[in-house]
Amino acid sequence: MTNLMMLENLEQDKRRRAYVTPVKVVWMTQEEDAMVENSHYLLENRSPQISLQAKNPCILHNRGKTASVLLDFGREIHGGIVIAAWQETKGDGVCVRVRFGESAMEAMSETGEGKTATNDHALRDLTIMIHSMSMTPVGETGFRFVRLDLLEKNASLVLKTVKGVLVYRDIPYRGSFRSSDALLNRIWDTGAYTVHLNMQNYLWDGIKRDRLIWAGDMHPEIATIEAVFGFDETVPKSLDFVRDETPLPGWMNGFPSYSMWWVISQYDWYWHTGDLAYLKEQRAYLMGLAEQLSACIGADGRDTTPQVRFVDWPTSENADVVDAGLQAIHILAEEKMEILFQVLQEPQWAKRCREDVARLRRWKGNCGEAKQAAALMVLAGQEDAKTVNQRLLRVGRAQGLSTFMGYYILTARAMAGDILGCLDCVREYWGGMLALGATTFWEDFDIRWMERASPIDALVLEEDKGDGRSGVDVHGTYGNYCYQGYRHSLCHGWSAGVTPWISETILGVRVMDAGCRRLEIWPRLGDLEWAEGTYPTPHGEVYIFHSKKKDGTIESVIRAPGEIETVLVSKGEKE
């Protein structure tokens, strides 16, 4: 390793690789002229190392048609596959098509004009040559399913294994959550796993599509990392990357709101880590951005940041809702900057941000019926939580949620004291994805999609459609904007905000001082009998246990490192 490290152009990849065995053969051709023989041997946990003797092989035979097999690896993973082949009958290699899919139907799909399946961001549909005694690595994308097609006519391929190759960061889950509700536990775990897969060398938006660093989308991901992993280098690396890619007067990712979210993320990261040295590295950029944002406040106090004005995709076509949401985000960013400048001992800049907040509060937008903008207005102190919850947020249960904005909608409802309503919403919305076979949370979801929907591990073939039994292909049928049909990402980090919400609201953890040196614990169990978990801090994990007594009061046990002061707050004290 010493000699390798002498290479000046060497950049170390800190990720690890692990092999994953498929758990199910979903489908295969079983015809006289296209046969897959002994596919069940691919489910055996055998070494991917090739050997001389072909013992219990899986064989794909082509006799005029294409022999194909569809494998299910059991849960979404990031990486590729390695195909270990004992023999192929052509002698100079055979052509094999490999299709990855986050759903079974995506792995069965075609690309091209009029199709929604794509190779954008990561190749998921490709053709390779397989030779005898080979161990051929294929692809790196987000997937759960893989389809293999032997394209050579009048040929056979003798397989030992088709292994998934999981590429991941080997980091401990320092945070945890368990309760009397098994579904809620699964939801917390799934959100944590969703973000873990997106924590590669940088913090991605999606492991299939899209593999970019979006400053706004990162905020719920960062909140998840803080609740599950504590410090991880992907956060500052990604915040710095998008900063360095956006010299002022540019706006991050082309969205003014995303520069605002970058500020909010810097605040949250400092509050959790207490890393003053890192915060000081942001001083100059924060000053420039503060000046730029200050110039985007009209005489009436209205946010005047230019296009592209964006809150989230479902609201993007309603200019009034976008205006209301952006006004709230601008207020939140200015408030956070004021505190950061106080920490940085820049009183004049803190004063300027405080004055900008006062200017911004002179104008208030109209959120209409959009729960996203309404929640942001509550968080920014523009609207009363209980009033907005009664009028809008609680109406229709999980209807009107978006995966990006779910974290903020739940937070606003919890501010109104509607914990039971929040838990019902969590079970219906994030639980709805799990009911459809999700093992990670999606880029977008609408509970109306559940009507007659088939789970993502089921096939909805053309000959079955319309018979009233097979249901709707939820992945191929739905989606909008940049995520239509199979292009839709089924492992998207911004959808995991439910996980930190559970830690912050049910366990009741609120960081009150930089570096988590002081934590407020305010348990709100709703209809849960008990809940317990850990919360990671720079000083170690805090253990929390809450149980509901017969009289409705909550009994708590809290164990924290000596550097941390914990303050347990009862319902009566808080309200």
Side-chain angles (χ1 to χ4, degrees), residues 15-28 36 38-49 58 60 68-85 96-109 117 122-126 128 130 135-149 157 159-170 186 189-190 192-200 204 206-209 211 433-434 436-442 454-459 473-476 486 488-492:
R15 298 174 299 176
R16 296 190 64 176
R17 292 155 54 92
Y19 293 116
V20 182
T21 302
V23 299
K24 182 180 179 181
V25 176
V26 180
W27 167 89
M28 59 185 173
V36 178
N38 294 329
S39 62
H40 61 279
Y41 286 128
L42 296 178
L43 308 183
E44 290 189 355
N45 190 20
R46 299 196 279 191
S47 169
Q49 172 62 47
C58 168
L60 277 65
S68 307
V69 61
L70 177 64
L71 301 174
D72 179 1
F73 287 85
R75 67 187 307 182
E76 178 106 9
I77 64 174
H78 166 258
I81 60 172
V82 60
I83 302 173
V96 175
R97 182 183 182 186
V98 179
R99 278 178 275 182
F100 296 91
E102 293 187 299
S103 66
M105 287 300 295
E106 183 184 16
M108 300 287 283
S109 66
L123 290 175
R124 48 152 298 278
D125 187 341
L126 60 164
I128 58 168
I130 298 292
M135 298 177 291
T136 306
V138 186
E140 187 173 315
T141 184
F143 71 98
R144 174 178 165 183
F145 303 89
V146 171
R147 173 172 168 170
L148 302 180
D149 298 327
L157 177 62
L159 296 175
K160 179 184 181 183
T161 61
V162 179
K163 289 277 192 175
V165 182
L166 172 65
V167 180
Y168 69 108
R169 293 181 67 80
D170 188 11
R186 281 185 65 202
D189 290 341
T190 303
Y193 182 67
T194 300
V195 168
H196 190 189
L197 289 183
N198 282 285
M199 296 164 69
Q200 296 295 320
W204 288 345
I207 54 174
K208 178 191 75 175
R209 202 231 92 250
R211 300 174 141 204
M433 285 183 260
L434 295 182
L436 291 176
T439 59
T440 50
F441 291 135
W442 303 349
S454 288
I456 61 172
D457 59 352
L459 294 181
D473 170 15
V474 69
H475 194 185
Y486 297 125
H488 187 186
S489 163
L490 299 191
C491 177
H492 222 70

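FYI, side chains are in, hydrogens and waters are out, and symmetry mates aren't considered; it's all heavy atoms of this structure. Being a predicted model, the structure only gives us computed values, none of them experimental.
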Could you please spell out the steps behind the side chain to side chain contact (heavy atoms under 4.5 Å, CB included) verdict for Ser47 and Tyr19? CA-CA 9 Å; Ser47 169; Tyr19 293 116; over 6 Å; no
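Applying the side chain to side chain donor-acceptor pair (under 3.5 Å) test between Glu102 and each of Lys208, His488, Arg144 identifies Lys208 as the sole match. If you run side-chain contact (heavy atoms from CB on, under 4.5 Å) between Val98 and each of Ile130, Asp149, Ile81, only Ile81 comes through. His78 pairs in a side-chain contact (heavy atoms from CB on, under 4.5 Å) with only one of the listed residues (Asn198, Val167, Thr141), which is Val167. Among Thr161, Ile83, Val165, the single residue meeting the side-chain contact (heavy atoms from CB on, under 4.5 Å) criterion with Pro48 is Thr161.
Under the 3.5 Å distance criterion, the side-chain polar atoms of Thr440 are matched with a main-chain donor or acceptor of Leu490. Proximity of a side-chain donor or acceptor of Arg124 to a complementary backbone N or O of Glu106 within less than 3.5 Å is detected. With hydrogens and angles ignored, the 3.5 Å screen pairs no side-chain donor or acceptor of Ser109 with any backbone N or O of Ala117. Remark: the backbone N or O of Cys491 is paired with a side-chain donor or acceptor of Ser489 at under 3.5 angstrom. For the pair Lys163 (side chain) and Ala84 (backbone), a donor-acceptor distance under 3.5 Å is absent. In this structure a side-chain-to-backbone donor-acceptor pair under 3.5 Å is missing from Asn38 to Tyr41. Lys160 places a side-chain N or O within donor-acceptor distance of the main-chain N or O of Gln49, the cut-off being under 3.5 Å.
Pairing each heavy atom of Val162 with each of Leu42, the nearest pair is N-CD2, 4.1 Å. When every heavy atom of His492 is checked against every heavy atom of Thr194, the shortest pair comes out as O-CG2, 3.5 Å. A pairwise comparison of heavy atoms in Trp442 and Met433 identifies N-SD, 3.5 Å as the closest pair. Closest approach of Ala85 to Leu157, counting heavy atoms only: CB-CD1, 4.0 Å. Thr190 and Leu434 get closest at one heavy-atom pair: OG1-CD2, 3.7 Å. Of all heavy-atom pairs spanning Lys24 and Leu43, the tightest one is N-CD2, 3.5 Å.
Inspection of the Gln200 and Arg169 side chains reveals no N or O donor paired with an N or O acceptor under 3.5 Å.
Contact annotation: the side chain of Phe100 never approaches that of Asp125 to less than 4.5 Å [non-hydrogen atoms, C-beta and beyond]. Counting heavy atoms from C-beta on, the side chains of Leu166 and Leu197 come closer than 4.5 Å. When side chains are defined from C-beta on, Cys58 counts as touching Val36, because their heavy atoms get closer than 4.5 Å.
Annotation: cation-pi geometry not satisfied between Arg99 and Phe145 (NZ/CZ under 6.0 angstrom from ring centroid, within 45° of ring axis).
Within the 6.0 Å centre-distance limit, the rings of Tyr486 and His475 are counted as a close aromatic pair.
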